[in-house]
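Please read the structure below before turning to the comments.
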Amino acid sequence: MNPKTDQIKLIEPMLTRANRLVSELGQAYHRDLEGKKVSDEARNLTHEVLEKCSNILDQTMTVLFEYEIKPHLTELPKRGGYFPTAKDEESYRSSLGQWKASQLAELW
């Protein structure tokens, strides 16, 4: 068994679930559009979709960091492996720099 492949396979059902949530969200908003009011169900589904997608990005970045970035680093960062989020590109690049991945293209 290949640990990287095993971890990637764990992401696949997460994507399937995210797709189901998006479908449910579309149905809820379609109903709500007719009623001209956003329901609590639609708000909750919106939160679930965003949370699930965030988790998928984190899990994917963890695999990428562990198997594709970390082996190329001479000094390991104090933190790293989660999908960086930021309010603008400068902050995003700063987040990448904190875990020594600001120049990903140069690693290969």
Side-chain angles (χ1 to χ4, degrees):
M1 288 275 155
N2 179 336
K4 179 181 174 182
T5 303
D6 292 345
Q7 287 184 338
I8 291 170
K9 284 183 181 179
L10 293 174
I11 295 169
E12 291 173 12
M14 295 169 70
L15 289 167
T16 300
R17 177 64 183 143
N19 282 329
R20 277 193 235 122
L21 286 169
V22 168
S23 178
E24 290 177 37
L25 178 61
Q27 292 170 5
Y29 272 107
H30 182 72
R31 277 192 315 267
D32 293 352
L33 186 60
E34 290 176 5
K36 298 186 191 289
K37 183 178 179 196
V38 178
S39 65
D40 289 340
E41 176 191 17
R43 285 187 183 104
N44 184 55
L45 283 166
T46 300
H47 177 77
E48 286 184 67
V49 167
L50 293 173
E51 192 173 67
K52 179 57 75 179
C53 290
S54 175
N55 187 259
I56 292 168
L57 288 170
D58 284 344
Q59 294 297 321
T60 303
M61 186 57 88
T62 297
V63 172
L64 176 67
F65 181 80
E66 191 64 32
Y67 295 98
E68 302 296 333
I69 297 171
K70 189 176 172 182
H72 298 279
L73 300 177
T74 54
E75 178 186 338
L76 293 181
K78 293 179 181 166
R79 53 178 263 184
Y82 290 96
F83 191 85
T85 57
K87 62 182 176 183
D88 56 36
E89 186 173 349
E90 182 180 334
S91 299
Y92 173 75
R93 292 194 180 280
S94 175
S95 294
L96 286 175
Q98 290 174 15
W99 49 276
K100 312 289 189 223
S102 59
Q103 302 299 327
L104 293 176
E106 293 176 13
L107 295 176
W108 291 273

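Residue numbers run from 1 in the order of the sequence given. FYI, side chains are in, hydrogens and waters are out, and symmetry mates aren't considered; it's all heavy atoms of this structure.
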Group every Ile, Leu, Val, Met, Phe, Trp and Tyr by side-chain heavy-atom contacts under 4.5 Å, then state whether [X] and [Y] land in the same group.
X     : Y     : value
Val63 : Met14 : yes
Val38 : Leu21 : yes
Leu15 : Leu25 : no

Query raised in the report: Taking side chain as C-beta onward, heavy atoms only, is Tyr29 less than 4.5 Å from Leu45?
Result: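 No, side chains not in contact.
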Mind checking the [atom1]-[atom2] spacing from [X] to [Y]? Nearest 0.5 Å is all I need.
X     : Y     : atom1 : atom2 : value
Arg43 : Asp32 : CZ    : CG    : 8.5 Å
Thr62 : Leu57 : OG1   : CG    : 10.5 Å
Glu34 : Lys36 : CD    : NZ    : 10.0 Å

Report task. Might you point out which heavy atoms bring Tyr67 and Pro3 nearest each other, and give the distance in Å? Result ->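 Looking at all heavy atoms of both residues, the closest pair is OH-CB, 3.3 Å.
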Query raised in the report: Of all residues at least two apart in sequence or in a different chain, which pass the salt bridge (Lys or Arg N to Asp or Glu O under 4.0 Å) check with Glu89?
Result: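 Residues passing salt bridge (Lys or Arg N to Asp or Glu O under 4.0 Å) with Glu89: Arg93.
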Query - Sequence-distant partners of Asp88, salt bridge (Lys or Arg N to Asp or Glu O under 4.0 Å), two or more places apart - result: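 Asp88: no salt bridge (Lys or Arg N to Asp or Glu O under 4.0 Å) contacts found.
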Requested in this report: Using modelled atom types only, decide if a donor and an acceptor are shared between the side chain of Ser94 and the backbone of Glu90 within a distance under 3.5 Å.
Outcome: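 Here the side-chain-to-backbone pair does not exist.
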Identify, with sequence neighbours excluded, every residue that meets side chain to side chain donor-acceptor pair (under 3.5 Å) alongside [X].
X     : result
Asp6  : none
Arg20 : none
Thr5  : Asn2
Ser23 : none

Name each donor-acceptor pair under 3.5 Å that joins a side chain in residues 47-56 to protein atoms two or more places apart or in another chain, with its distance.
| residue | atom | partner | partner atom | Å |
| --- | --- | --- | --- | --- |
| His47 | NE2 | Glu51 | OE2 | 3.4 |
| Glu48 | OE2 | Asn44 | ND2 | 2.9 |

Report task. Keeping to residues at least two apart or across chains, list the salt bridge (charged side-chain N to carboxylate O under 4.0 Å, His left out) pairs with something in residues 22-31. Result ->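 Checked against salt bridge (charged side-chain N to carboxylate O under 4.0 Å, His left out) - neighbours excluded - the pairs reaching residues 22-31 are Arg17-Glu24, Arg31-Glu41.
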Report task. Would you mind listing the cluster partners of Leu10? Hydrophobic ones only (ILVMFWY), side-chain contacts under 4.5 Å, chaining allowed. Result ->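 None; Leu10 is a cluster of one.
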Query raised in the report: Lys70: what forms a side chain to side chain contact (heavy atoms under 4.5 Å, CB included) with it, not counting sequence neighbours?
Result: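 Counting only residues at least two positions away or on another chain, Lys70 forms a side chain to side chain contact (heavy atoms under 4.5 Å, CB included) with Phe65, Glu66, Leu76.
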